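Written below as structure tokens is the structure these notes are about.
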Amino acid sequence: MISTLFKFHGGVHPPEHKLESAATPIVEVPLPQRLVLPLRQHVGNVPKLQVAVGDHVLKGQLLAIADGMISASVHAPTSGTIVSIDEQLIPHASGLPDLCITLQADGEDRWVEHRALEYRDLPKAAVLEALRAGGVVGLGGATFPSHVKLREDAQHPVRTLILNGAECEPYITCDDRLMRERADQIVRGIEIMQYLLGAERCVVGIEDNKPEAAQAMRDACRLSSIPIEVATVPTLYPGGGAKQLIKVLTGLEVPSGKLPTEIGVQCFNVATAYTVHRFIHHGEPVISRVVTVTGKVARPGNFEVPLGMSIAELVQAAGGAAPESTGFVMGGPMMGFNLPSAEVPVVKATNCIIASAPDLFPPLPPAMPCIRCARCADACPVNLQPQELYWFAKSSNLEKARDYHLFDCIECGCCSYVCPSRIPLVQYYRYAKSEILAADKAKQAADLARERNEFRLARIEREKQERAAKHAQKAAGAKADVAGDEAKKAAIAAAMARAQAQKAEVVPQNTADLPPAVQEEIAGIDARREAVNEEKQEN
Amino acid sequence: MSQSPYISGSTSVSVIMLKVLLALVPGIVAYVWVFGGGVLVSLTLASITALVSEGVMLKLRNRPVRPFLMDGSALVTAWLLALALPPLAPWWLVVVGTLFAIVIAKQLYGGLGYNPFNPAMVGYAVLLISFPVIMTQWPAPLALAHAQLGFADQLHYIFSRGLPVDVQVDAITSATPLDYLKTQLKLQHALADISQAPVFGVVGAKGGELVTGAYLLGGLYLLQQRIVTWHIPVAFLAMLALVAGASSLLDPVHYAGAGFHLFSGASMLCAFFIATDPISGPTTPKGKLLFAAGIGLLTWLIRTYGGYPDGVAFAVLFMNICVPLIDAYTQPRVFGHKL
Amino acid sequence: MIAALLVMIVLALLLGLVLGYSALRFKVEGDPLVDKIDAILPQTQCGQCGYPGCKPYATAIASGEADINQCPPGGEPGMRALADLLGVEPKPLNAEHGEPKPKSTAVIDENLCIGCTLCIQACPVDAILGAAKHMHTVIASECTGCELCVAPCPVDCISMVPIPEKVSNWKWRYPVIELKQVA
Amino acid sequence: MIENYILIILGTVFVNNIVLVKILGLCPFLGVSKKLEASIGMGAATTFVLTLGSGSSYLINEYMLGTDLFYLRTLSFIVVIAGVVQFTEMVIEKTSPVLYQSLGIYLPLITTNCAVLGIPLLNVQANHNFMESLLFGFGGSVGFSMVLIMFASMRERMEAADVPGPFKGSAIAMLTAGLMSLAFMGFAGLIR
């Protein structure tokens, strides 16, 4: 009883390479000695630290708490001691270090006190708050905090809840295995999501190259208390993109720059549903995830990995990398990125690690000029004109690129995949996008600077006028004033009192109407200053 | 290592160009069958000139020579030009045309991928304007010629304009049907009478229609291989057929029918090989339709009212000028945007 | 002869009337161009262009007094944007006005500062706070990196520190295509 | 009648295009074709000036100069055109300062655009009546605007092309103009 499916424009069929890792069950890896937990594991604000070096923490204990609406907490994946909080390499395309908590495991793996949540008895806001504290984020790769997406919005009620089990990228099979082995738990999670959103319809979208997973899900859904459809969608990359899957399942297009709720749809990864279930029904925050390890490794497969474990150790668990392997790619071959080192930790976004080698991912031959064959335009799932975007990005004509909807590009890589000239198109788009964003930021800063400059000039002007007025007054007063010493004395006393008062409260004039973040910064600086002053006095 | 995507498909520029060359082969075979082996000499001359001039220009411009010579685009230009020229054109005509196409219309604009005009058609138009007499002097198909030239004689004729003693120029040339039609219509003859002339075949030119049919065959191969999309051939042929058909319906005495227009001159070559040049053409589906329909209309207009017997080259060049505008105004609806 | 004179006089009168009327009707007040130019300038207010701020420089450009290549903080892209707006040829930056530098912020060495307030007075965007005899501090998020505070400092306690690249402000690079395999 | 008018317009736009076939008005053609927006503005301004100038110079020629004062023809045409240009300049400065700035010196130079003087003179030569003069001016300027806009769009596209150093800028623009002219030669003989 699967309802009609729709099509999105373009798409490609890269070789799947899923069989290598999909054949064996998920293996739990042995607990590592050292865990490195980056604070930035999600989209949004960096969470605030709750522990200090030397603290002993238990498994599941809060290490950093979500800061603001769009943020997520970080928890300890095992019990142990915090040995350092410093900048370390993280799995990020930039290859730059970021703030991380390093945890030395004590081997006891002792849980902090935790319990299930009777979510139906609590107000929905409390459940969402709990999810925020539980560090639940989208595990499909975008790592957007889930509690934000599960919020009911009166303006845009969610009618359809879509669960994304499409997993369209080659090589990746972690969702496939999860659905095969833990379908019932995923369904429990879906039930919670459905309850929170009040969705009328729940659909699980699974690509038709995963019949076992679809069957397992179908069996589990049949036992559910709510009706959940399982739809097999045609295998076509990037059919697992949220917007593409929504289009395929509902025929609706998410408006550009808007959220799916705009059209009454919300979309989650199946693994996210699983973590929601683990947290609500067992009180376990997100401290591990299933990761596919494949490519040039001895025993490709899927592993349940504690967050913070180093990639090198994880690969060892898969039998180690083959000697010809030259590096590791996190994510799939279409949208993943090269890891800066094998020592970086597994994070919430780590869905797949591919040990790459030149014969697996051959280096691109030198790019030829674009011959405008428009194969990229035919393959683009967003119906962009990649050849025009390339032209503008290449010549750094960024405004034009924006006009041609550069920001609708999902960087799926279809255009690069089909390009007969082997132009690294997506790289140009990434470059152009980040240039534009940086320029926008600079523009904002410039506007702020202009405002402040104008304010300053106005202030100086005003002060000048005030001074002039005072002078004039004084001149006039001097002529008229022939009063005795009493008055003069009084005036001097008053002036001194004024000066005293001024000295007492040295209020910097330009700290009014600053954003709270800056106020805070200033407060910090003041504190530091006090400390230095005291030090000086002591000396 | 570079950024994702780390895998890519299998097509490449040279594969595309090679398939285009392959698709031209049936047309060339038919050509030799109808007009003799002289065209092979033109093809060879044009190919050598194109490769040498492209290589020299790349060297002068300090660009890598090998990958650009191997991509086959120069050969495609050379072949298209050679096939558009009269078969027994003197050697220097072929060389000058190819040089103009490669050096001026292609390399000065930056080489492969950057030329706004179709190089072969630039070469052709320049030759047509500069040497109108030679360019309109087509040899008669072998079956019609009053004297037969062997391959050796053709070779001799191409390189030195020399003919065997007993043969006059008139004996081996004839007006093309397009040309003949135009002059006869000017002389107030009725179409029905004109088309009785021996140069006319079943639908187009005698012999020529066979070559045109072979181009169509090659074109279908390109469509099947997805080297070209259907938009341009279909829009071009449909537009040409539409205006020709409509005008001949309204006034059958003065206007030739759709079949004639489709199967004479360079129609088929244009539909599948010239107008489909991706570099100088538009990229959006709607733009392709507009572009090709424009070529079809202009071709008919120039053929019917203009000063030149065939209008394909000028029509293509004119529409080339419009390409950036066409592209800019036919952007398809992007996912998530309203129209 | 007289006819010719008359004709020219009538013509002149007619045109004069039309133009005189439209001169009043289409009178332009202010110069909206200055704001458009000012919007492109980086608002560092550094004065490297030779004008006391971005707005005066914008006014000078609009009146044709200054060239478009005198703004090092705006750099090449800024110059191109100006050329684009004004429809003139881009030209290389004038080295007389300084070289573009990586974006920096001023940092006050808190241990050296004597609290003279000279830098506060120099800062064009009020990004330094503090009072007399108290140490001053730069609000990093508001500092434009204009360096105007560096020179007035009597104890040389202000240094310009380039903004380091972090995960939060990291940018994708322009793709480099290796040409070594070509040959 | 109508047919004649249509032929005049089509003829001046395509077959006898003032820029590419008659080779008039090359200065703004090459000068204001670097950006599409500016060229559209220039096209509109020229169309306005030319149509108005063409009509008013017809009136002046017919009713003020007649056959006696033919020696004042060029002089008075220039005066009238200069007036119209002045007027246009004021309007543009008021309505679109950016366009005004980007047209720059080329706006007052419409006065000396040979096409603008050429068309009224060609009108007189061809003995056009008022309506024909207007249409001739309009068609000519539409032809001018059309090729200007096409040329500008091509030049924008060529900006990122790997044009060899010595040919960058004006050289390749001239070459492109030449090839455009080549394409327009195909229209030869279409009308008259």
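All figures in this text were calculated on a predicted structure; none of them were measured in a lab. Reminder, nothing fancy here: chain letters follow the sequence lines and each chain counts from 1. Only this structure's heavy atoms are used, side chains among them; waters, hydrogens and symmetry mates stay out.
Neither the backbone nor the side chain of A:K433 has a heavy atom closer than 4.5 Å to any heavy atom of chain C. Within the 4.5 angstrom heavy-atom criterion, only backbone atoms of C:C123 (N, CA, C, O) approach chain A. Residue A:A93 touches chain C through both its backbone and its side chain, counting heavy-atom pairs closer than 4.5 Å. Contacts between A:I90 and chain C at a heavy-atom distance below 4.5 Å involve the side chain alone, from C-beta outward. Both the backbone and the side chain of C:A39 have a heavy atom closer than 4.5 Å to some heavy atom of chain A. Heavy atoms of C:P124 lying under 4.5 Å from chain A belong to its backbone as well as its side chain. Looking at C:T44, there are no atoms closer than 4.5 Å to chain A (heavy atoms on both sides), in backbone or side chain.
Of all the listed residues (C:K103, C:Q121, C:K55), the one sharing the greatest number of non-hydrogen pairs under 4.5 Å with chain A is C:Q121. The choice from A:H92, A:R450, A:K443 that makes the most heavy-atom pairs within less than 4.5 Å of chain C is A:R450. Considering only heavy-atom pairs separated by less than 4.5 Å from chain A, the leading option among C:P77, C:C143, C:S168 is C:S168.
Under the 3.5 Å distance criterion, with hydrogens and angles disregarded, no donor-acceptor pair is assigned to the side chains of C:Y174 and A:S396. Judged by distance alone, the side chains of C:Q45 and A:N453 do bring a donor and an acceptor atom under 3.5 Å apart. In summary, the side chains of A:E399 and A:N397 do not present any donor paired with an acceptor at a separation below 3.5 Å, with no hydrogens or angles considered.
The backbone N or O of A:K48 sits nowhere less than 3.5 Å from a side-chain atom of A:D67 that would complete a donor-acceptor pair. A donor-acceptor contact shorter than 3.5 Å is absent between the side chain of A:R462 and the backbone of A:L457.
With ring centers used as reference points, A:Y429 lies 6.0 Å or more from A:Y390.
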Exercise for review: Evaluate the salt bridge (charged side-chain N to carboxylate O under 4.0 Å, His left out) criterion for residues A:E461 and A:R456: first the C-alpha distance (whole Å), next the side-chain angles of each, then the deciding distance (0.1 Å), finally the verdict.
Suggested key: CA-CA 8 Å; A:E461 185 61 26; A:R456 176 174 185 267; over 6 Å; no

